[in-house]
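In what follows, a single structure is set out as structure tokens and then discussed.
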Amino acid sequence: MSIRAAGLDLGRRLAAGALVVGVAAAVTLLGPAPAAEAAACSGTSGVTVVVDYGSLGGGVRVSCAAGDPASGLAALSGAGFGYSFVPRLRGLVCQINAQPDPCNGAPANAYWSYWHAERGDSWSYSTSGAGSYNPRAGTVEGWAFGGGARPGIAPPAPAAAPPPAPAPEPSPT
């Protein structure tokens, strides 16, 4: 291989490496894309769970807790979200999916607020703890980290009813 050909080959490799590094840096800076709302429960079974990490920079995630969870905490974990309590204050949620990190004992200006809604309706702030509230199947539970603001999206609307089946064609006589 000539010196010129080796130089061109090295130049191409460096350019390709710079492109890979640039793409990786852009992906890192942009962060993960927010979850699609397609994860809401369909029909009247299950409890849809909305978790808004907005003030933590993580967007909004929507998932479905199948069946009829016995509490808001059961709905949260049934929808695939892990949680932990404020140290020495069992029952007060400090982290959802390890956010915020670290759990610093629930500062006075930021906490996980807990909300309820009917599908497609508006949010209502919970007056019950998530461990004692029993959500009805077909409803929506919401969590938002911050100063007590409601989740950043409206409660997902009920899934549209499937179109009616076409009428059978008459048989020839």
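Each residue takes its place number in the sequence, starting with 1.
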Quiz item: Between Trp143 and Tyr114, is a side chain to side chain contact (heavy atoms under 4.5 Å, CB included) present by the stated rule, with each step listed?
Solution: CA-CA 5 Å; Trp143 295 86; Tyr114 178 48; 3.4 Å; yes
Self-check item: Side chain Thr48, main chain Val140, donor-acceptor under 3.5 Å
Solution: no
Practice problem: Write down the atom of Ser71, the atom of Ala130, and the distance for their closest heavy-atom approach. | Solution: CB-O, 3.5 Å
Quiz prompt | Gly138 backbone acceptor or donor facing Thr44 side chain under 3.5 Å | solution = no
Practice problem: Answer with yes or no after comparing the ring centroid distance for Trp112 and Tyr53 against a 6.0 Å cut-off, counting only values under it. | Solution: yes
Exercise. Determine yes or no for a side-chain-to-main-chain donor-acceptor pair under 3.5 angstrom, with Asn97 supplying the side chain and Gly82 the backbone.
Key: yes
Quiz prompt | Pro155 to Ala117 - nearest heavy-atom pair and separation | solution = CG-CB, 3.4 Å
Self-check item: Side-chain (Trp123) to main-chain (Ile153) donor-acceptor, under 3.5 angstrom
Solution: yes
Self-check item: Closest non-hydrogen atom pair between Cys41 and Ser45, with its separation
Solution: CB-O, 3.6 Å
Quiz item: Looking only at heavy atoms, which two atoms of Pro87 and Cys103 are closest? And how far apart?
Solution: CD-SG, 4.0 Å
Practice problem: Spell out, as yes or no, whether a donor-acceptor pair under 3.5 Å connects the side chain of Arg119 to the backbone of Thr139. | Solution: no
Quiz item: Rounded to the nearest 0.5 Å, how far does CZ of Arg90 lie from OG of Ser84?
Solution: 10.5 Å
Practice problem: To the nearest 0.5 Å, tell me how far Asp68 CG sits from Asn134 CG. | Solution: 6.0 Å
Quiz item: For Ala137 and Val47, which heavy atoms make the closest approach, and how far apart are they?
Solution: CA-CG2, 4.2 Å
Quiz item: Should Asp52 and Phe145 count as side-chain neighbours, where that means a heavy-atom distance under 4.5 Å?
Solution: no
Exercise. Over all heavy atoms of both residues, which pair between Gln95 and Pro100 is shortest? Give the atoms and the distance, please.
Key: NE2-O, 2.8 Å
Exercise. Could you tell me whether the side chains of His116 and Ser124 share a donor-acceptor contact shorter than 3.5 Å?
Key: no
Self-check item: Whether Arg150 side chain and Gly142 backbone form a donor-acceptor pair below 3.5 Å
Solution: no
